[in-house]
**Student:** 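Mind having a look at this structure? Questions to follow.
Computed from a predicted structure; not experimentally measured. All values below were derived from every heavy atom in this structure, side-chain atoms included, with hydrogens, water molecules and symmetry-related copies excluded. All chains are named by letter (A, B, ...) in the order of the sequence lines, taking the proteins before the strands, and each is independently numbered beginning at 1.
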There are 2 protein chains.
Amino acid sequence: MQDFTFYSPTYFVFGKGKENEAGHYVKRFCGSKVLIHYGGGSVKRSGLLDRVKASLEQEGIEYVELGGVKPNPRSGLVYEGIELCRNEGVDFVLAVGGGSTIDSSKAIAAGAIYDGDFWDFYQGKAIERALPVGTILTIAAAGSEGSPDSVITKEEGMFKRGASGEGIRPAFSILNPELTQTLPAYQTACGATDIMAHVFERYFTNTADVEITDRFCEAVLLTMVKEVPRVLADPNNYEARANIMWAGMTAHNNICGVGREQDWSSHDIEHELSAVYDCAHGAGLAVVFPAWMKYTVEHNPMRFAQIAVRLWGCQMDFENPVNTALAGIDAFKSFLRSIGMPVSFAELGAKEEDIPAMAEKCCHGDNRGGTVGNFVKLHQEDVENIYRLAL
Amino acid sequence: MQDFTFYSPTYFVFGKGKENEAGHYVKRFCGSKVLIHYGGGSVKRSGLLDRVKASLEQEGIEYVELGGVKPNPRSGLVYEGIELCRNEGVDFVLAVGGGSTIDSSKAIAAGAIYDGDFWDFYQGKAIERALPVGTILTIAAAGSEGSPDSVITKEEGMFKRGASGEGIRPAFSILNPELTQTLPAYQTACGATDIMAHVFERYFTNTADVEITDRFCEAVLLTMVKEVPRVLADPNNYEARANIMWAGMTAHNNICGVGREQDWSSHDIEHELSAVYDCAHGAGLAVVFPAWMKYTVEHNPMRFAQIAVRLWGCQMDFENPVNTALAGIDAFKSFLRSIGMPVSFAELGAKEEDIPAMAEKCCHGDNRGGTVGNFVKLHQEDVENIYRLAL
């Protein structure tokens, strides 16, 4: 196990109707003028936005609002939000939505009190200070409600890049599984895929002797494999929604990843797909991850066999563990198909001819160092091969 | 799943030599005059105390010290510590030791800024405010390094009681597995038993549909079953020590217990044993827990069968699940024996004739309401029966 620090100070409030306590928690974390940041019309149509506003008003908290966050959130709206915060004297950013809204909120919160261009943070500068951020989560997926991370797409050049820092860990996050019951099946499945991918990025490691975090990773994955089909069969299944929602937080606040080298190349490889085709991040991951697994399986077949046995219940082939490893990858791909995810370029609407440019940008674009990943360091050629395995 | 809040803001610093950063973290959490609280001579003999002092001095932080914490920490030393903090203007309490030292430190930290008798907190008053507490952990066991809990024994009447409150969550906890390498096998095994017991207290619940926390519980238990024998075979196995140390924190900061009713009767039943015989808490738990399991198995045989299959690898008896449930309990008892724990009153040196008095005190002593536990509500007669099953 590697040395590590773990700091997850977010106050999580989980359960039915908890969005009505938003004002209470904003006050607890010393907010007096709030930017409510959100995406499209669904938070309005569902009445969620009105309930949140009522809760703020009840506590005498002022607010301004900024909607319009899109999936794969863009830098343009972040600049607009920063401007708004500065002009209005905002001291707290409240995200009402999913990972894109939360990530955009984090970028605004960091940029509002930073003298330079907020994009500096997305080119590697750690975010140490930001306005406090609260979240009211509407989809189990990105885990941004408990993470110190944010991903934004820069419109000039369509670079999709991540930033990180303790400054953008949410002060509080409200998780009400009821809010996810109206999600379409496709979005639910995209979110589930993202959650599982967050775990796999941590699971495939070169760090030995990490039983406790291996087992935590498996805990989240086993939960997803049980609960996602239940939710797709009955979207109103509160209990299954609740298990998935909490699993999604734990998949990414790093309780599953401390003390081990992590990979993250599949995310980098996927980001090029969603930057070019504007597909859902989870859908892109469903295409990339099984291909990445097949490409890297020989690097450590026993690790792949372990997850095949422990998660998918594959029989261990003691004479030839790579057979078990491959059976596990097939089981994952079948699971993704069964929940309605695309698993190929064709199904995603991605094009073979774009592969060289995407692989080049993945490894060399915008300050990248020529390789992605840690489990296996992948060069441009490897990334091309992985895209081709996903055709 | 029940509604819940989860708030674990402790800054965890994990790895080799991290105690040398104690001064840095005290400063980060605004301590300027520290009470260093510890137990016996081992922290002196090992040089740990000197390293901690050097680290404080390096940061220009003043300190006073109070040693002498014993297992099952007593109220007398807490009163002494409170007095010392007030007289010396202490603004930070640094625990160097195991669960007893940390619990005593928490009691001092809460009492130092409370007008009444600190024992009020151990009779049910929530601890909302306390001086900040830091910990440098020397044994994986109690989980107090990440919990909002403290257990103290009141010398008048030998009442062993717990207190709780966000005010006593440690600001930071330094976990260096190297510091546990010198522990005798018996203490290591007692600590391991305590860790497993913390998980079982959460696992046996009447709350349905808690897959994610079931799986987290199992993650900790599976890790213990793998790593404890490795450590007993080779006390210097850093990797196994590291897995156990982190498992011990996660067993009790409630990441394994959110959203579910928890039991805790075995702890209550054990507390009477260690109050009377001054045995190690883990040893008492090893005697009590298998007996509690046998006594309550019929309440929900499928839950017991689940852990028997998932943790101990028992074959499921689909015709008669209670057989599987009982096989799991036997496997647990065998495991405890294999790591050198007592599993009966005789082995612990406890006496049958004390049973009625202990059962009475457990259920009725010092403000208790007549029953303990939640999975099954146990009356005095039930507690007597459980003690007798452990003869």
Side-chain angles (χ1 to χ4, degrees), chain A residues 1-18 21 25 146 166 169 172-173 175-177 207-227 230 237-250 253 255-256 258-259 310, chain B residues 1-18 21 25 146 166 169 172-177 208-227 230 237-250 253 255-256 258-259 310:
Chain A
M1 198 184 295
Q2 298 176 342
D3 294 355
F4 64 86
T5 59
F6 178 68
Y7 184 51
S8 176
T10 302
Y11 196 103
F12 295 101
V13 185
F14 191 101
K16 293 179 181 171
K18 297 299 181 190
E21 299 173 18
Y25 287 103
E166 292 304 341
R169 287 242 189 217
F172 71 81
S173 283
L175 283 69
N176 174 2
T207 311
D209 262 321
V210 284
E211 185 74 4
I212 182 67
T213 41
D214 269 5
R215 292 292 188 180
F216 277 144
C217 286
E218 292 156 10
V220 174
L221 294 168
L222 286 160
T223 300
M224 298 303 289
V225 169
K226 177 183 175 193
E227 304 293 0
R230 288 176 81 198
N237 186 327
Y238 177 87
E239 296 294 342
R241 292 276 188 193
N243 276 284
I244 291 171
M245 199 167 207
W246 190 241
M249 192 294 287
T250 61
N253 83 329
I255 191 73
C256 295
V258 291
R310 291 184 179 174
Chain B
M1 198 183 294
Q2 297 177 342
D3 294 354
F4 65 86
T5 59
F6 179 69
Y7 184 49
S8 177
T10 303
Y11 196 102
F12 295 101
V13 185
F14 191 101
K16 293 179 181 171
K18 297 299 181 190
E21 298 172 19
Y25 287 103
E166 292 304 342
R169 287 241 190 219
F172 71 82
S173 283
I174 292 175
L175 283 69
N176 174 2
D209 262 322
V210 284
E211 185 74 5
I212 182 66
T213 41
D214 269 5
R215 292 292 188 180
F216 277 143
C217 286
E218 293 157 9
V220 174
L221 294 168
L222 286 160
T223 300
M224 298 303 290
V225 169
K226 177 183 174 192
E227 304 293 358
R230 288 176 80 199
N237 187 327
Y238 177 87
E239 296 294 342
R241 292 275 188 194
N243 276 284
I244 291 171
M245 198 168 207
W246 190 241
M249 193 293 287
T250 60
N253 84 329
I255 191 72
C256 294
V258 292
R310 292 184 180 175

**Student:** Heavy-atom distance under 4.5 Å to chain B: side chain of A:Val210, backbone, both or neither?
**Tutor:**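 Only the backbone of A:Val210 comes within 4.5 Å of chain B.
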**Student:** Looking at CG of A:Leu175 and CE of A:Met245, how far apart are the two atoms once the value is rounded to the nearest 0.5 Å?
**Tutor:**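 CE of A:Met245 is found 4.5 Å from CG of A:Leu175.
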**Student:** Side chain from CB out, backbone as N, CA, C, O: work out which of these in A:Arg230 comes under 4.5 Å of a heavy atom of chain B, or both, or neither.
**Tutor:**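 Contact with chain B involves the side chain of A:Arg230 alone.
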**Student:** Between A:Asn253 and A:Ser8, does the side chain to side chain donor-acceptor pair (under 3.5 Å) criterion hold? Intermediate values first, please.
**Tutor:** CA-CA 7 Å; A:Asn253 83 329; A:Ser8 176; 3.1 Å; yes
**Student:** Heavy-atom pairs under 4.5 Å with chain A: which of B:Asn243, B:Ile244, B:Thr5 has the most?
**Tutor:**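 Counting heavy-atom pairs under 4.5 Å, the top option is B:Asn243.
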**Student:** Before giving the answer on side-chain contact (heavy atoms from CB on, under 4.5 Å), spell out for B:Glu218 and A:Glu218 the whole-Å C-alpha distance, their side-chain angles and the decisive distance to 0.1 Å.
**Tutor:** CA-CA 10 Å; B:Glu218 293 157 9; A:Glu218 292 156 10; over 6 Å; no
**Student:** In terms of heavy-atom proximity below 4.5 Å to chain B, should A:Ala208 be classed as side chain, backbone, both, or neither?
**Tutor:**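 For A:Ala208, backbone heavy atoms alone lie under 4.5 Å from chain B.
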**Student:** Looking at A:Ala242, A:Ser173, A:Pro177, A:Gly259, which makes the most heavy-atom pairs under 4.5 Å with chain B?
**Tutor:**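 Maximum pair count with chain B is reached by A:Ala242.
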**Student:** Nearest 0.5 Å, please: how far is CD in A:Glu227 from CD1 in B:Ile212?
**Tutor:**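 So the gap between those two atoms works out to 9.0 Å.
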**Student:** Check whether A:Phe172 gets within reach of chain B through its side chain, its backbone, both or neither, counting any heavy atom under 4.5 Å.
**Tutor:**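 The answer is neither part of A:Phe172.
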**Student:** Indicate the ring-plane relationship of A:Tyr11 and B:Tyr7, choosing parallel, tilted or perpendicular according to the 30° and 60° boundaries.
**Tutor:**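 Answer is tilted, since the angle falls between 30° and 60°.
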**Student:** Between B:Phe4 and A:Trp246, does the ring pair (Phe, Tyr, Trp, His ring centres under 6.0 Å) criterion hold? Intermediate values first, please.
**Tutor:** CA-CA 11 Å; B:Phe4 65 86; A:Trp246 190 241; 4.9 Å; yes
**Student:** For each of B:Asn176, B:Ile255, B:Thr250, tally heavy-atom pairs with chain A at distances under 4.5 Å, and name the one with the top tally.
**Tutor:**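 Top option by heavy-atom pairs under 4.5 Å: B:Thr250.
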